[in-house]
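This one's a predicted model, so the numbers in the text were calculated from it and none came from an experiment. Residues: numbered from 1 along the sequence shown.
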Amino acid sequence: MLSHSIIANALAAAFAEPVFLATLDGRYAGENEAFRARFGLGEEELRGRILPELFAESLAPDGMIPLEISLPRIAGAVKMVVKPLLSRKVAIGYYARLEEDALREPMLEDAAAVAERAIEALPFGLTLWDAGDKLVVANRQVIDRYATYGVALRPGADRVEFVLSAVRSGLFGQKYVGLTIPAQEFSKRRWFSRPFISGASTIERMADGDWMKITSHVCESGFIVSFYEVVDEPKQSHITPGPTAEYFLTLLRYLPDFVVHMDLDGKPEFINAPFAEALGLEGWDSGRSLSAEFFADTFGTSLRDVVHNLKVDGPPVKFDQRLRKADNTFVWLRWSAHGLFHGDMPVGIIATGRNITVEYSQQQELKHQSEELAKKNKSLEQFAAVVSHDLKAPLRHISVFSDMIVEESASGNLADVQVYAQQVRNSAQRMDRVIRRLLEYSQIAYKIAAFSRVNLADIAIQAIQNLESQIDEAKAELLLSKLPSINGDPDLMRHLMQNLIANAVKYRRKGVTPRVRIYATDKGAMVNLVVEDNGIGVDPKFADRIFTAFQRLHSDDKIYEGFGIGLALCRQIAESHRGVIELDSTYRGGARFIVRLPQDLNH
């Protein structure tokens, strides 16, 4: 309350006899000229000195107690009379007179009047607000200036209401006149928060043309003292804040990176505006408190790891974190945490978090592409081995029967030549079919997917239409349930659906009407697309083999024709969509294939 030297000196000067002033916690605050002349002591010897004799006393508002007080360079204790210094019936400190002067002239005037006269004599405006933001004292300079614009300033007035009324009245220019923002919303402005205003100054141009410098201080008791000085028109450099503590605090508040200062238990002491906004904590720095548990939930075990690794002069501890924002979106942050130390003891943590969501997504995409490339290389190796086997067989037949034709022709025995020639033709036709299926497989399986929003029900209908002749021939019954939409390639998804339905119709049981059921189940972020039939089924021991190209379980292609490419193609398509396809080995009524696909696949 009395820590500001101008106030302390003005109050001390109001007394004619030797007198000094002290704060409510017993700390020396100032003296008058008569005191300095009497004892030969200067301000530099006494400033901030704690007076234990005074601190030990508890004075009533109207009390006056004689005390013996020890002063520097004075032999023996000095007998003085101490009394609270009042302003509008509120104790703002103590004043002490020599006992002889107090007895000779016991209180020439009421202390409250002395304090008020001293405050009124100040060459600038002054307001004093208590810890609850209610007005305690305002001098005439401030009262008269605000009264000109219809803003009454009386003890008990609310600080937020007072500033809002002044802004609305036009005291700071016409641009705010008629402002309709409610006081509760107005109070959330950062310059109302006590950490922000402590020691802060601002220069404003008033409506009457004066330039007003407003400086505020927060005392240890929570009271706010504000000074209002009329100054010359400032240069631009004076208006722009310099590199002061407030400047750097403002810089931290509005850095695009997240900034947080925590104690060792994880309780936040400071967070900057972007971090507060991301967590949905608007107005946090104006008095809102957060628990240590809140930040433990936010940081998880990463915080404990940081504390464990803090070292004096050590490098920052870095870790990545996936953070859920207030709008339920996620960001990836790369935190760099530094320890705050008192000697060798850690006392807190300050950390900065940089948004690496784009970088992280790119890294994950690169990792996925590397994994996909490894899978494709492995698949190509298997593919090449199988192709080599399937092409060598008809080539061997062609070579053998060609040799036989040559031998028979040379010997003049032409009876079997026509049979051998037919075998050569059959082998050549089989090679042609294999090559065409290989071409189809390579065109589809390794196609670069073009992703868009795909309605699986529409895709299923297109696949059924393409298979209409096979379905009619088998007299198959199809049951199509409601299907969801996913992000995918419509052409590839149609090939997948068409192969699964075609297999369900082809591998039917003799004498049984084929029934194919197509449906989907929702598994959170994934969709399970199911194609189920009542056909001959698949032995579970072949559950993996059936998805390899050219792997047939039925050697007689006169009954079940094909090359074993369909399911291999389905696997490639599912994996290109970051999904999987599998046989449900628990199903006994036929075959059930499940394709697990992500609903929202971003590329």
Side-chain angles (χ1 to χ4, degrees), residues 379-447 463 466-476 494-496 498-512 514 533 535-539 541-542 544-573 591 593:
S379 176
L380 284 172
E381 291 174 3
Q382 297 174 343
F383 182 74
V386 172
V387 168
S388 174
H389 175 272
D390 275 57
L391 286 179
K392 281 180 179 178
L395 278 174
R396 284 196 301 270
H397 288 166
I398 292 174
S399 178
V400 169
F401 285 108
S402 295
D403 289 343
M404 293 173 68
I405 290 173
V406 171
E407 291 175 2
E408 294 295 316
S409 298
S411 64
N413 183 11
L414 302 179
D416 295 326
V417 168
Q418 186 174 357
V419 175
Y420 299 155
Q422 184 62 43
Q423 292 294 335
V424 170
R425 175 183 292 178
N426 291 343
S427 295
Q429 290 175 343
R430 179 173 178 80
M431 280 189 64
D432 179 67
R433 291 197 300 272
V434 170
I435 291 172
R436 280 191 283 110
R437 291 295 285 168
L438 284 174
L439 181 60
E440 178 187 356
Y441 179 84
S442 63
Q443 287 176 336
I444 296 174
Y446 300 106
K447 174 188 174 185
N466 291 343
L467 296 169
E468 185 174 1
S469 59
Q470 293 98 308
I471 294 172
D472 288 345
E473 180 185 350
K475 295 182 173 55
R494 185 173 61 254
H495 279 289
L496 180 145
Q498 191 166 317
N499 276 311
L500 290 178
I501 297 172
N503 277 356
V505 172
K506 178 166 61 175
Y507 296 106
R508 57 187 181 269
R509 286 186 288 171
K510 186 176 181 179
V512 177
D533 63 56
I536 62 175
V538 179
D539 191 325
K541 68 181 180 181
F542 300 122
D544 290 328
R545 178 182 169 186
I546 58 176
F547 294 108
T548 302
F550 296 98
Q551 292 295 307
R552 290 173 46 83
L553 301 184
H554 306 279
S555 58
D556 189 353
D557 58 5
K558 294 180 180 179
I559 300 176
Y560 299 111
E561 63 177 12
F563 292 91
I565 286 180
L567 289 177
L569 193 61
C570 289
R571 169 179 274 182
Q572 292 289 93
I573 294 173
F593 289 92

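- Nearest heavy atom pair, residue I398 against residue V424, reads CG1-O, 4.0 Å.
- The side chain to side chain contact (heavy atoms under 4.5 Å, CB included) test applied to N466 returns R494, Q498, not counting sequence neighbours.
- Annotation: side chain to side chain donor-acceptor pair (under 3.5 Å) contacts of Q422 (sequence neighbours excluded): N426.
- Proximity of a side-chain donor or acceptor of R508 to a complementary backbone N or O of V505 within less than 3.5 Å is detected.
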Residues F593, L567; criterion side-chain contact (heavy atoms from CB on, under 4.5 Å); working and verdict:
CA-CA 10 Å; F593 289 92; L567 289 177; 3.9 Å; yes
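- The NZ atom of K506 sits 10.0 Å away from atom CD1 of I536, with the distance rounded to the nearest 0.5 Å.
- A heavy-atom distance below 4.5 Å is not found between the side chains of Q423 and Y420.
- The side chain to side chain donor-acceptor pair (under 3.5 Å) analysis of residues 401-415, with sequence neighbours excluded, yields the pairs E408-N413.
- Rounding to the nearest 0.5 angstrom, the gap separating the CG atom in D533 from the CD1 atom in I501 is 11.0 Å.
- Shown here for A474 and P514, the closest heavy-atom pair between the two residues is O-CD, 3.4 Å.
- Minimum interatomic distance between A502 and L467 (heavy atoms only, all atoms of both residues): N-CD1, 3.7 Å.
- Annotation for S427 and H397: closest pair OG-CB, 3.0 Å, computed over non-hydrogen atoms.
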